[in-house]
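Throughout, numbering of the chain's residues begins at 1 and tracks the sequence.
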Amino acid sequence: MTKLSVNINKIATLRNSRGGNNPNLIQVAKDCERFGAQGITVHPRPDERHIRFADVYALKEIITTEFNIEGNPQHKYMDLVLEVKPTQATLVPDALNALTSNAGWDTIKYQSYLVEIISELKSNGIRTSIFVDPIKEMIEGAAKTGTDRIELYTERYAREYLQSPAQAIHHYRESAILAHELGLGINAGHDLDLNNLHYFYKNIPHLLEVSIGHALICDTLYYGLENTIQLYLRQLKDR
Ligand SMILES: CC(=O)[C@@H](O)[C@H](O)COP(=O)(O)O
Ligand SMILES: NCC(=O)COP(=O)(O)O
């Protein structure tokens with residue numbers, strides 16, 4: 001089974017745009033779970049431009065499915081995650097000024113750094129995942145960090161899918177097969193949407209979780225949250 005973890009960053013962005021509490025992030029997280037999402041993802045950034053650190057503590061109190069916190073361990077992230085103890089910590093090498101995540105880890109260059117961080121998270125009972133591009137050497141490097149899982153960075157897949165789905169999926173499929181052989185669990189995310197998700201699901205073996213935010217929240221404007229979550233869950237089933 002591939003779990004759907006809904007990334008609620010964009011709900012916080014909308015809330016912050018007016019300074020009040022509308023939409024209510026906590027209620028949205030509860031509703032995502034009520035409508036069938038099997039996880040909630042947040043990616044707090046040091047400038048707190050969407051998810052605030054206080055949101056993360058409040059979410060921990062109410063989430064009954066899997067709580068996934070993404071971020072760069074360089075900044076305040078480690079203190080937050082070690083205190084909150086989510087189900088999963090997804091490490092992302094995003095720069096402070098990046099608009100959104102835009103690259104996977106260089107798992108060779110940062111191997112000893114990742115080994116240290118991952119070991120600390122795992123010794124605190126937190127499952128780990130690291131954001132990686134679908135490149136053989138990066139997957140092999142990931143396996144040497146001790147991480148439980150990788151998250152395949154799917155921006156390139158989503159872009160290339162529009163031209164050629166078969167070509168777009170090729171390196172992702174090869175990477176997933178290799179990762180599984182090396183004992184890694186496989187997650188995926190970034191720019192997955194209602195058009196490209198089912199093809200990804202069908203062609204990526206051993207896919208444990210997808211985290212989806214931007215497109216899902218945009219679809220919610222047209223279909224509503226409950227229908228949208230049902231539509232995404234349907235993409236993660238065999239037809
Ligand atoms: C790791 C990843 O791809 C997502 O977490 C992405 O970073 C979402 O963040 P934004 O919602 O800030 O774009
Ligand atoms: N890890 C990816 C994620 O949480 C959401 O990415 P996106 O769907 O907002 O591009």
Side-chain angles (χ1 to χ4, degrees), residues 1-72 76-92 94 100-101 121 124-129 131 149 151 187-194 197 208-236:
M1 177 195 176
T2 305
K3 290 186 174 176
L4 171 66
S5 185
V6 175
N7 183 320
I8 57 172
N9 280 5
K10 287 281 148 48
I11 300 295
T13 308
L14 185 57
R15 175 199 61 191
N16 298 352
S17 69
R18 278 292 173 99
N21 194 30
N22 189 24
N24 181 324
L25 186 83
I26 298 300
Q27 189 58 47
V28 172
K30 285 181 181 171
D31 288 337
C32 287
E33 292 185 325
R34 187 160 61 88
F35 299 147
Q38 295 113 341
I40 300 293
T41 290
V42 293
H43 188 149
R45 290 197 161 78
D47 61 8
E48 301 189 274
R49 65 178 181 265
H50 39 57
I51 294 294
R52 299 177 184 138
F53 282 57
D55 292 328
V56 179
Y57 291 99
L59 286 164
K60 168 69 179 178
E61 297 301 313
I62 58 100
I63 288 174
T64 57
T65 58
E66 295 202 351
F67 191 18
N68 177 38
I69 308 181
E70 302 181 331
N72 189 328
K76 293 182 284 181
Y77 177 88
M78 283 301 276
D79 291 343
L80 176 75
V81 168
L82 290 172
E83 211 174 322
V84 171
K85 292 197 172 39
T87 321
Q88 178 174 273
T90 299
L91 309 179
V92 183
D94 54 346
T100 184
S101 312
L121 291 165
N124 279 274
I126 303 165
R127 190 173 79 215
T128 60
S129 181
F131 202 53
R149 296 188 185 185
E151 175 174 332
N187 296 341
H190 205 92
D191 283 344
L192 292 173
D193 64 21
L194 283 177
L197 181 59
L208 295 171
E209 175 198 289
V210 288
S211 50
I212 308 183
H214 183 76
L216 189 151
I217 301 304
C218 292
D219 289 330
T220 293
L221 293 175
Y222 288 92
Y223 307 126
L225 186 60
E226 182 167 10
N227 285 331
T228 300
I229 289 178
Q230 293 307 309
L231 288 169
Y232 276 81
L233 288 171
R234 204 179 297 163
Q235 311 309 312
L236 299 171

Asks: Heavy atoms, side chains only, cut-off 4.5 Å: are P23 and K10 in contact?
Replies: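 No, side chains not in contact.
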Asks: Of all the heavy-atom pairs spanning F35 and Q230, show the shortest one and how long it is.
Replies: O-NE2, 2.7 Å
Asks: How long is the gap from OG1 on T128 to CG on L121, to the nearest 0.5 Å?
Replies: 6.5 Å
Asks: Less than 4.5 Å apart, any side-chain heavy atom of E83 and any of K60?
Replies: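 SC-SC contact between E83 and K60 ruled out.
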Asks: Any side-chain heavy atom of V84 within less than 4.5 Å of one from I69?
Replies: yes
Asks: Does H43 offer a backbone N or O that forms a donor-acceptor pair with the side chain of N9 under 3.5 Å?
Replies: yes
Asks: If every non-hydrogen atom of I26 is compared with every non-hydrogen atom of A58, which pair is closest and at what distance?
Replies: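 It is CD1-CB, 3.7 Å.
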Asks: Answer yes or no: is there an ion pair linking D47 with R49, defined by an N-O contact shorter than 4.0 Å?
Replies: yes
Asks: Under the side-chain contact (heavy atoms from CB on, under 4.5 Å) criterion, do V6 and V28 qualify, and how do the steps go?
Replies: CA-CA 10 Å; V6 175; V28 172; over 6 Å; no
Asks: Indicate yes or no: at least one non-hydrogen side-chain atom of Y222 is less than 4.5 angstrom from one of T228.
Replies: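 Sidechains of T228 and Y222: no contact.
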Asks: Stepwise, does the side-chain hydrogen bond (donor to acceptor under 3.5 Å, both in side chains) test hold for T64 with R34?
Replies: CA-CA 10 Å; T64 57; R34 187 160 61 88; over 6 Å; no
Asks: Mind checking the CD1-CD spacing from I126 to Q88? Nearest 0.5 Å is all I need.
Replies: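 It comes to 11.0 Å.
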Asks: By side chain to side chain contact (heavy atoms under 4.5 Å, CB included), which residues pair with Q27, not counting sequence neighbours?
Replies: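 Only N24, K30, D31 meet the side chain to side chain contact (heavy atoms under 4.5 Å, CB included) criterion with Q27.
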Asks: Roughly how far, to the nearest 0.5 Å, is the CD atom of E209 from the CD atom of E151?
Replies: 7.0 Å
Asks: Apply the test side-chain contact (heavy atoms from CB on, under 4.5 Å) to residues L231 and D219: give CA-CA distance (whole Å), side-chain angles for both, the deciding distance (0.1 Å), then the verdict.
Replies: CA-CA 10 Å; L231 288 169; D219 289 330; over 6 Å; no
Asks: Can you list the steps and then say if N21 with R15 is a side-chain contact (heavy atoms from CB on, under 4.5 Å)?
Replies: CA-CA 6 Å; N21 194 30; R15 175 199 61 191; 3.7 Å; yes
Asks: Answer whether the closest heavy-atom distance between the side chains of I8 and I40 falls below 4.5 Å.
Replies: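 Counting from C-beta outward, I8 and I40 do come under 4.5 Å.
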Asks: Can you list everything that forms a side-chain hydrogen bond (donor to acceptor under 3.5 Å, both in side chains) with R149? Sequence neighbours excluded, please.
Replies: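 N187.
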Asks: Nearest 0.5 Å, what's the SG-CD1 distance between C32 and I217?
Replies: 6.0 Å
Asks: In Å, rounded to the nearest 0.5 Å, how long is the span from CZ of R52 to CG of N16?
Replies: 4.0 Å
Asks: What are the two closest heavy atoms between F53 and P44, and how far apart are they?
Replies: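 Taking every non-hydrogen atom into account, CE1-CB, 4.2 Å.
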Asks: State, yes or no, whether a side-chain contact exists between V42 and D55 at a heavy-atom distance under 4.5 Å.
Replies: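 They are not in contact (no side-chain heavy atoms under 4.5 Å apart), so the answer is no.
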Asks: Quick one: are I63 and E33 in side-chain contact, heavy atoms under 4.5 Å?
Replies: yes
Asks: Considering non-hydrogen atoms only, spot the tightest contact between F67 and V56 and give its length.
Replies: CE2-O, 3.8 Å
Asks: Considering residues, nucleotides and ligands other than Y223, do more than 12 of their heavy atoms fall under 6.0 Å from its OH?
Replies: no
Asks: When Q235 is tested against each of L197, V210, L4 for side chain to side chain contact (heavy atoms under 4.5 Å, CB included), which residue passes?
Replies: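 Answer to the side chain to side chain contact (heavy atoms under 4.5 Å, CB included) test with Q235 among L197, V210, L4: L197.
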Asks: For a quick test of reading the model, state the closest non-hydrogen atom pair linking R45 to S101 and the distance between them.
Replies: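 Smallest heavy-atom distance, with atoms named: NH2-OG, 3.2 Å.
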Asks: Could you grab the distance from atom OG of S211 to atom CG of N7, nearest 0.5 Å is fine?
Replies: 6.5 Å
Asks: Assess the residue pair N68 and T41 against the criterion (side-chain hydrogen bond (donor to acceptor under 3.5 Å, both in side chains)); give the C-alpha distance rounded to whole Å, side-chain angles, the decisive distance to 0.1 Å, and a yes or no.
Replies: CA-CA 5 Å; N68 177 38; T41 290; 3.1 Å; yes
Asks: How close do Y232 and I212 get, heavy atom to heavy atom, and via which atoms?
Replies: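 Reported closest heavy-atom pair: CD2-CD1, 3.8 Å.
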Asks: Do L236 and M1 make a side-chain contact, defined as non-hydrogen atoms from C-beta onward lying under 4.5 Å apart?
Replies: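 No, every pair of side-chain atoms sits at 4.5 Å or beyond.
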